[in-house]
Every structure is written in structure tokens, then in C-alpha cells.
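Input: a single structure, listed below in C-alpha cells.
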Amino acid sequence: MKIAILSDSHDHVEHIERFVKKVGQLGITDILHAGDYCSPFTIPLFEGLKLTGVFGNNDGDHFRLIRKFREIDGQIHNEFHEFEVEEKRIALYHGTRTAITEALVLCGKYDLVISGHTHSVVQEIRGETLSLNPGSLHGFGGEATFAVYNTRNGEVGIIEV
């Protein structure tokens, strides 16, 4: 199974629309978002996808974000979410606190630790754990990126929007 992973979309409607088009072309429907959507009005752009996310430090209106996620049958969790997909143990955290991200990576409990926040791509295996930051979908003057993770073989691709 392939999962698209993004973070820090920060209300960038054009990049979200490009992302949705690209994942559609790739046949991917499962999406993990590591937070910083910012405004609730962007969530309906993900309609038709299986969106799971956590809150980031710039997500102020939790009530309306939760409501928008529900309207598209998505799931949003507080700051952290752990789950399993095809026997892969995954941690999803925005990455606001570097020490927490490091602890998640180093604890050995997860096959994949996803974080965002820094707007920089990180793809590093530490012990048995893949630490992955897909960069920023917004781009912030640089490249707007997201990742595709293959749960069967653990391979990751970084894709520009």
C-alpha cells in the first residue's frame, strides 16, 4: 500500500490542489497530514481522500478543523497519533518539540516516525526506525514537497508539487 504524507500546507490552496491531483494520478487515497493546515477552509479540498492528521502549532481553530474533517470523513487527532498499517507501526506528530521527535525515533517502538514543522525534508534511518519529514507543502519560497511511503517495502519517494 502507498500512503501520501504531507505537512505544513499553511492555507496554500494552489499547492493543495496540485497535491490532490498528483496523488490521484498515482492512485493513492490514504493521506497522512502532520499538521499546520492553518485555516479550516482548506480541509474540503481533500474530499474524496482518506485524510488522517494531527494538529500543528499554527492550527488555532481546532473546533472548526474537527468539523471540517468530519464533513469529509477524515480523522484528526490531537498532537500525536500512533497506529498500525500492514504491520508497520507508525507515529504521526507535528514535530513542534525536537526532543519529542527524537524520543519517538529513538525509542524503537515505531517503524516510521512522521514529523513536520521544520519545512525541511528529512529521510533518515536510525536503528530500525525511519524518521521522515516530508518538507512543506506550502513551500515557503523553496520547493513544495510531500512524500510517498510504501508500506510493503519501506521505500520513500519525495515528490515536488
Could you tell me if [Y] and [X] have a donor-acceptor pair between their side chains, going purely by distance under 3.5 Å?
X: His117; Y: Asp36; result: no
X: Thr129; Y: Asp111; result: no
X: His33; Y: Ser9; result: yes
X: Tyr93; Y: Glu79; result: no
X: His119; Y: Asp8; result: yes

Nearest 0.5 Å, please: how far is [atom2] in [Y] from [atom1] in [X]?
X: Glu124; Y: Leu132; atom1: CD; atom2: CG; answer: 11.0 Å
X: Glu71; Y: Ile66; atom1: CD; atom2: CD1; answer: 12.5 Å
X: His81; Y: Ile76; atom1: NE2; atom2: CD1; answer: 11.0 Å
X: Tyr110; Y: Leu104; atom1: OH; atom2: CG; answer: 6.0 Å
X: His15; Y: Leu6; atom1: NE2; atom2: CG; answer: 12.5 Å
X: Asn133; Y: Ser120; atom1: CG; atom2: OG; answer: 7.0 Å

Would the distance check show the side chain of [X] and the main-chain N or O of [Y] forming a donor-acceptor pair, the cut-off being under 3.5 Å?
X: Asp11; Y: Ser39; result: yes
X: His138; Y: His12; result: no
X: Lys22; Y: Glu160; result: yes

For the [atom1] atom on [X], are there more than 12 heavy atoms of other groups (residues, nucleotides or ligands in this structure) within a distance under 6.0 Å?
X: Glu84; atom1: CD; value: yes
X: Arg89; atom1: CZ; value: yes
X: Glu87; atom1: CD; value: no
X: Lys88; atom1: NZ; value: yes
X: Leu106; atom1: CG; value: yes

Answer yes when [X] and [Y] have at least one side-chain N-carboxylate O distance shorter than 4.0 Å, and no when they do not.
X: Glu102; Y: Arg126; result: yes
X: Arg18; Y: Glu14; result: yes
X: Glu86; Y: Arg152; result: yes

Share the residues that join Val122 in a hydrophobic cluster, the rule being Ile, Leu, Val, Met, Phe, Trp or Tyr side chains under 4.5 Å apart at the heavy-atom level. none
Does [X] belong to the same Ile/Leu/Val/Met/Phe/Trp/Tyr cluster as [Y], with side-chain heavy atoms less than 4.5 Å apart forming each link?
X: Leu32; Y: Leu51; result: no
X: Leu92; Y: Val156; result: yes
X: Val54; Y: Val113; result: no
X: Ile159; Y: Ile114; result: no
X: Tyr37; Y: Phe19; result: yes

Can you see which heavy atom on [X] is nearest to which on [Y], and at what distance?
X: Ile158; Y: Ala147; result: CD1-CB, 3.8 Å
X: Pro44; Y: Ile72; result: CA-CG2, 4.1 Å
X: Asp30; Y: Ile28; result: O-CG2, 3.5 Å
X: Ser7; Y: Gly116; result: OG-CA, 3.3 Å

Please evaluate residues His94 and Phe55 with respect to the criterion ring pair (Phe, Tyr, Trp, His ring centres under 6.0 Å), reporting the C-alpha separation (whole Å), side-chain torsions for both, the decisive distance (0.1 Å), and the verdict. CA-CA 7 Å; His94 180 62; Phe55 289 114; over 10 Å; no
